[in-house]
Structures are given as C-alpha cells and as structure tokens.
Protein chains: 2
Amino acid sequence: MVQIPKTPDPASSSAPRSVPTSADVARLAGVSRATVSYVLNNTSAVRISEPTRRRVHEAARELGYVPHAAARSLRAGHSRLVLMPAPSFPAGPLYSRFLTELQWALGRLDYTVVQHGTVGLRGDEAARAWAEMRPVAVLVPGFDLGPQGVEVLKRSGARAVVTLGPEAVDGAHALLMDHEAVGHSAARHLYERGRRRIGVLIPAEEGLEVFSAPRLDGARRAVEGTDATVTRVPLAYEERDAARLAARWKSLGLDAVFAYNDEYAMLLMRALQDEGLAIPGDTAVIGADDLMLGRLLRPRLSTVHLELPSGRDLAALVDRAVRDPDAAPERHKVLGAAVVHRESS
Amino acid sequence: MVQIPKTPDPASSSAPRSVPTSADVARLAGVSRATVSYVLNNTSAVRISEPTRRRVHEAARELGYVPHAAARSLRAGHSRLVLMPAPSFPAGPLYSRFLTELQWALGRLDYTVVQHGTVGLRGDEAARAWAEMRPVAVLVPGFDLGPQGVEVLKRSGARAVVTLGPEAVDGAHALLMDHEAVGHSAARHLYERGRRRIGVLIPAEEGLEVFSAPRLDGARRAVEGTDATVTRVPLAYEERDAARLAARWKSLGLDAVFAYNDEYAMLLMRALQDEGLAIPGDTAVIGADDLMLGRLLRPRLSTVHLELPSGRDLAALVDRAVRDPDAAPERHKVLGAAVVHRESS
DNA sequence: TTGAAAGCGATACCAC
DNA sequence: GTGGTATCGCTTTCAA
C-alpha cells in the first residue's frame with residue numbers, strides 16, 4: 001500500500017498558483033461547472049449554445065486546464081486503465097515490439113496502457129499495489145500472479161485479468177506461452193539430425209528460469225523413450241564463464257546443444273570455436289528467438305523462431321473480456337515455435 | 001483526453017458483489033470509517049485500542065479490501081506517482097537495465113513508477129494525457145516534450161519534470177545525453193589510427209534520428225579542420241540492404257566506418273567480410289554501446305562504451321526536485337563516452 | 001478512543 | 001440551454 005507522507009514541506013512553494021479545476025474554468029467563463037463539463041466532454045444529451053462553448057473552451061485554454069483523471073474515474077466508478085507490470089528483466093526486441101504494438105492497439109480502443117513499476121513486491125502484495133489503481137484490465141506476463149492475486153484484482157473491479165505465461169491461472173484469461181514447445185522443437189530437430197547427447201544451456205542469471213525451465217523440460221520430453229540424453233548446462237552470460245565451459249566441453253561428451261536463445265548460443269559458439277571445436281561438426285548448436293544476429297554468425301545459427309501473439313489480437317481479447325467480464329476464461333496457445341534450420345546444426 | 005464511455009453494457013455482470021470500500025470495512029468491524037482509516041494507515045496522531053485494530057484488519061482482510069488510490073490522492077491533493085512515457089522503440093539492454101534500476105530506486109523512496117503507453121500522441125497532446133494523471137514528477141526521455149509541455153505539466157501539479165535527452169528544455173531539469181560525444185570519440189579514434197575517409201552509418205529506421213543525428217554531427221566536428229572527411233551512410237537493419245551496401249563499398253572509397261551502434265556494426269562487418277573485404281585492413285569499424293556481441297565478433301569489435309546515469313542518482317535528483325520544486329533546473333551531462341579499442345579498428 | 005462531517009474534482013440528474 | 005447539487009472513496013479536523 002502506498003504511503004502518502006504528511007505534506008513534506010508545506011511552505012516551500014513560492015505560491016505556484018494552484019492547479020486549475022473545472023470550477024476555475026466555470027468562474028472565468030461565467031458559467032456553472034456543469035456547463036463546463038458538458039462542453040468539455042461534448043455531452044450529446046445536452047445542447048449548449050455556440051457562444052457559451054467558445055467561452056468555456058477559451059477559459060480552459062487560458063488556464064491551461066487539464067481534467068483530473070482520478071476525480072473523473074472516482075465519479076465514473078471505473079477507468080479505462082489497462083495495467084501491466086513493467087518487465088523486471090531486460091526485455092528482448094521481440095517482447096518490446098509486442099508491447100509497443102499492444103499499447104498502440106489498446107490505445108486505438110481508447111484504453112490507457114500503463115506499465116506499473118512493481119519493484120520488490122511479490123505475488124499478492126504486487127496484486128494489491130496494482131488493484132489500488134482500479135484498472136479495468138490487468139495483463140500479467142510470467143508467473144507473477146496466483147489465483148488469490150486474480151481474486152484481489154477482480155474484487156477490486158478489474159473486469160479482465162489476462163496472464164501471459166507458461167501456465168493458466170484460475171479465474172484469469174490465459175495466453176499460454178508454451179516454452180516447452182520451444183525446447184521440444186529444438187531437441188527434436190537435433191535428434192532428427194542424428195544427435196544423441198544433447199546439452200541444454202540454462203542461463204545462470206536470475207529471473208529467467210520461468211522461460212528456461214520449461215524449455216529444458218520440453219527438450220527432455222522430446223527425446224523421451226529414445227536413446228538420446230539431455231543434459232542441463234548452466235551458463236552465465238559472460239565470456240569467462242563461456243570459456244570455462246568450452247574448456248571442459250569435450251569432457252561433457254555432448255554432440256549438440258540447445259542454447260536457450262540466440263544470444264547465449266552466440267556466446268557459446270564463440271567460446272567453442274575459440275577452443276578449436278567445429279560447429280556443427282563436433283557440436284551442433286541451435287538457439288531460439290530468431291534474432292538478426294543468428295543470421296550474421298558463421299556458421300549461420302539454426303534457431304527456433306517464436307511467433308508472439310499479435311498486439312491487435314490481444315487488445316481485442318482484452319476488450320472482449322472487459323465488455324463481458326463473466327464469460328468463461330479464454331485459453332489460447334500463442335507461442336508459435338518453428339525451427340529455422342541454418343548451418344550450425 | 002481519455003473519453004469514458006457511458007457504461008458499455010450495464011446489465012452484463014452477474015451481480016459481482018461490488019468493490020468493498022472503507023465503509024464496508026467499517027460496517028463489518030462495527031466502527032466508523034474514520035477509525036478504519038486510522039488503523040489501516042497506522043496514523044500515529046491517534047491511539048486505537050488493540051482489539052479495535054484487530055477487528056478492522058480482520059474485516060479488511062475478509063472483504064479483500066484494497067484502498068482506492070484515486071480517491072486517496074484526490075483527497076490528499078497529491079500523489080506519489082512518477083510518470084514516464086513508455087519507450088516507443090525497442091529499448092536496448094542498456095536502457096532496460098537503467099529503467100529497472102531507476103524503478104527500484106524510486107520505489108525505495110516510496111514513489112510509484114508508471115510507464116504511460118502514449119501512442120500516437122505528439123508533443124502537447126501527450127503532455128496533457130500525462131498531466132491528467134497528476135503525477136508528482138515526470139521523466140521524459142528524448143525529444144517528446146517542448147517548453148509548453150513542461151508548462152502544462154507544472155501547472156497541473158507536477159513538482160518535477162526531468163528530460164533525458166540531447167537537449168535541455170526550458171523549465172525542466174535536464175539529464176543531457178550528449179550523443180555528439182559518442183560520434184566525436186568514435187571519429188577521433190578512427191582519425192588517430194590514421195583513417196581519413198570516415199563513413200558514419202545511419203539507421204534507415206524511423207525514430208532513431210534523435211540519436212543518430214547528433215552522433216553524425218559529433219563525428220563531423222571531430223575531424224573539422226583536418227584532411228579527413230565524414231560521409232553519411234544510411235543502412236536499414238536487414239541483410240539485403242547490408243549486402244547492397246557492401247557490394248558498392250569499394251566505390252565509396254572509405255577506409256573506416258562508425259556504425260551507429262554495435263548491432264549495425266555487426267551487420268555491416270558481416271556483409272563486408274562476405275564481400276571479401278578485410279577488417280580492419282581495408283576498412284576499420286567501430287560501433288557503440290559496448291554490447292556483449294562486440295566481444296564475440298572476429299575481429300573483436302571496437303566500440304564506444306556508454307555510461308548511462310545511475311538509476312539511484314536519477315532517483316535522488318527526482319526526489320530533490322519534488323521536495324524543492326522551485327529550485328533552479330539542474331543540468332547534468334550524464335553520458336560518458338569512452339572508446340574501447342579492440343581489433344576492428 | 002471513537003464518530004460525525006467537510007471536502008478533494010468531476011459528472012449527471014433534475015429543476016428552472 | 002443552463003445551474004444547483006448529490007455523489008464517488010478517502011482522509012482529517014473537530015467534538016464528544
């Protein structure tokens with residue numbers, strides 16, 4: 001819960017003429033506050049004479065009047081706010097693009113999108129912080145939310161809660177990002193190309209387990225019941241650690257590796273090549289995310305291309321959910337995973 | 001200005017027991033709303049008996065009560081909201097990290113950070129949209145804000161407006177990101193290593209001119225009065241365009257290139273190498289941003305390392321500005337630019 | 001220690 | 001056409 005301090009220093013301002021309200025506009029225009037509201041909101045149920053309209057607009061402009069969103073939504077009993085937690089890890093270009101598109105699409109539907117900088121708050125605490133803003137909809141990527149969190153949000157007026165992540169949460173709509181499929185495709189691909197001892201690179205960095213764990217699981221599942229093995233290989237995103245790993249690579253006895261994503265793949269590939277190993281000869285490498293950089297490597301990096309949901313579709317889902325909050329939660333698989341075979345595998 | 005529709009479909013909800021208010025908590029606990037407020041906010045000016053406190057907390061928990069931020073800040077006359085526009089272009093890892101750090105630091109100071117998904121709104125329109133939320137401070141990266149925008153925000157109660165960008169804006173604090181220095185360092189470096197015909201890669205993509213233009217200018221300035229030349233070289237971030245550029249590279253007669261950033265550098269380097277050109281022999285290449293990938297290229301990519309401001313420092317600046325809104329606007333140069341010489345130049 | 005009530009800013013109903 | 005005014009949820013005097 002956000003604490004509001006008791007007016008830090010009341011006497012510090014050099015009389016900054018206080019913020020203009022609709023009452024000020026009314027006074028200046030010589031009309032009532034009601035009229036101001038009618039004019040400024042183009043209320044169609046009421047006809048206001050042209051001269052009056054002009055006077056009101058003039059007054060508003062002159063005062064630099066800007067309506068008070070909090071007051072408005074308090075009165076209205078609801079907002080058009082769609083809230084998402086701001087990502088706590090560096091978002092890749094994929095996700096950034098998705099986010100921009102989504103904001104644009106929701107903007108078109110007249111929603112205001114806001115990313116809430118939730119910091120150390122976990123789980124229900126975070127949900128409460130979001131609920132304080134009384135958003136009409138909440139979009140939550142990842143694992144940040146449990147069923148209770150959903151309940152908190154709904155009880156506080158959120159008409160739609162949508163999770164984007166590997167698992168559905170009770171009571172919320174779910175856009176299922178099936179990261180298992182990513183690992184599955186990758187391992188399958190390696191298997192089909194004759195590899196049997198498959199390593200799966202797992203970032204040592206915090207906060208990425210949400211994605212890496214299911215990718216690993218998917219790889220495991222892909223070779224279940226075959227003669228192939230899957231080995232978990234942790235790697236920090238830094239040269240030294242990659243060099244260390246490369247130095248003991250032969251001892252691992254792997255003939256292929258799925259490298260979490262293209263960036264980790266690049267890091268590992270370089271280290272292996274520096275160590276004199278041939279790619280894909282000695283070790284096949286495949287990444288994920290289909291970033292530009294993979295195309296620029298030599299050998300060209302095989303990768304798993306991810307298809308994120310379109311921002312427009314998600315915006316439409318949100319709008320639908322807001323309009324009909326009691327509809328059964330929708331579940332959509334939204335992560336297309338397709339192997340792009342290049343030269344490294 | 002956000003339009004609120006006249007209650008889309010009033011009859012669609014299956015009586016979702018309405019959102020609990022502090023009055024509900026009071027009723028359930030058998031006390032007055034005042035007491036609820038005292039208890040929930042730990043008001044120190046007033047002693048509430050332990051049994052009462054317990055009853056209130058219990059009731060709040062049972063109802064799933066979450067305070068209404070809008071009502072609260074309406075009453076209080078101010079918020080603890082720090083607003084930033086959400087970046088409209090894919091933010092690099094540098095900026096992402098900075099953002100996360102900043103949010104964390106502001107969170108520590110008890111501010112709520114929010115990234116506002118401003119879509120098609122330009123200039124003053126955007127400023128008005130932000131002002132509606134009555135943020136106590138606004139942080140604006142880039143060129144999105146003019147002096148009038150600042151005025152709008154201040155008149156609507158923002159106690160601090162901070163711009164992050166190449167230029168200061170009247171009335172606002174400025175964190176000056178001197179991208180000219182980046183280009184200057186790069187070109188200087190190339191010049192000192194004996195290069196005289198320097199190309200500067202400029203992204204063909206929209207929205208990046210804000211950074212690329214000053215970088216080009218800086219490069220120009222660096223060789224002013226020497227026998228060296230600087231040539232503007234547009235490039236789209238795609239392989240085909242890079243290949244086209246590489247094919248006519250020799251005809252450009254350049255012996256060095258500053259490639260806007262490491263990613264464009266990688267793209268170009270690959271295309272040049274594929275064309276059979278030697279780096280740095282035929283053409284020296286230097287990037288910027290000092291991303292990991294530069295270290296992984298062969299030859300290793302020279303680059304300009306950027307030092308962004310620390311999130312903690314910026315948070316402190318914001319806090320200072322909020323506490324003393326009438327202090328003279330601060331101006332800080334915050335973009336350290338240092339050449340990291342590797343093998344490509 | 002607790003309660004009654006004013007008021008923050010905007011909107012919409014009901015009079016005139 | 002336009003103007004009072006009750007109301008949204010919450011905090012905070014002031015009284016009891």
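Sequence lines set the chain letters: A, B, ... in the order given, protein chains first and strands last, and positions in each chain run from 1. Heavy-atom basis, side chains included; hydrogens, waters and symmetry copies ignored.
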Between D:dT11 (P) and B:Asn42 (CG): distance, integer Å: 12 Å

Under 4.0 angstrom between A:Asn41 side-chain N/O and C:dA10 OP1 or OP2: no

Nucleotide D:dT11, atom C1' - distance to CZ of B:Arg80 in whole Å: 17 Å

Test item: B:Arg80 side-chain N/O and B:Tyr111 main-chain N/O as donor-acceptor pair under 3.5 Å: no

Base-contact (B) and sugar-phosphate-only (S) positions in nucleotides 2-7 of chain C, heavy-atom cut-off under 4.0 Å, - elsewhere: BBB-BB

Separation of C:dT11 P from B:Leu74 CG (nearest whole Å): 12 Å

Separation of C:dG9 P from B:His78 NE2 (nearest whole Å): 13 Å

Integer-rounded Å distance: D:dC8 P and B:His68 NE2: 12 Å

Rounded distance (Å) that lies between atom P of C:dG9 and atom CZ of B:Arg134: 9 Å

Exam field: side chain A:Asp313 to backbone A:Pro309, donor-acceptor pair closer than 3.5 Å: no

Partners meeting salt bridge (Lys or Arg N to Asp or Glu O under 4.0 Å) with B:Arg320 (sequence neighbours left out): B:Glu330

A:Ser37 side-chain N/O to C:dT11 phosphate OP1/OP2 under 4.0 Å: yes

Set of residues satisfying side-chain contact (heavy atoms from CB on, under 4.5 Å) with respect to A:Ile48, sequence neighbours excluded: A:Thr35, A:Tyr38, A:Val39, A:Val46, A:Thr52, A:Arg53

For atom CZ of A:Arg155 and atom P of D:dG9, their distance in whole Å: 15 Å

Side chain B:Thr43, main chain B:Ala45, donor-acceptor under 3.5 Å: no

Spacing between A:Arg27 atom CZ and D:dG3 atom P, to the nearest angstrom: 14 Å

Salt bridge flag under 4.0 Å for residues B:Asp124 and B:Arg128: no

Between the first and last five pairs of the helix from C:dT1-D:dA16 to C:dC16-D:dG1, the angle of the axes, rounded to 10 degrees: 50°

Residues which pass salt bridge (Lys or Arg N to Asp or Glu O under 4.0 Å) with B:Asp144, listed by chain and number, not counting sequence neighbours: none

Results of side-chain contact (heavy atoms from CB on, under 4.5 Å) for B:Leu121 - residues two or more places apart only: B:Thr118, B:Glu125, B:Ala126, B:Ala129

Where A:Leu145 and A:Val169 come nearest, the two heavy atoms and their spacing: O-CG2, 3.6 Å

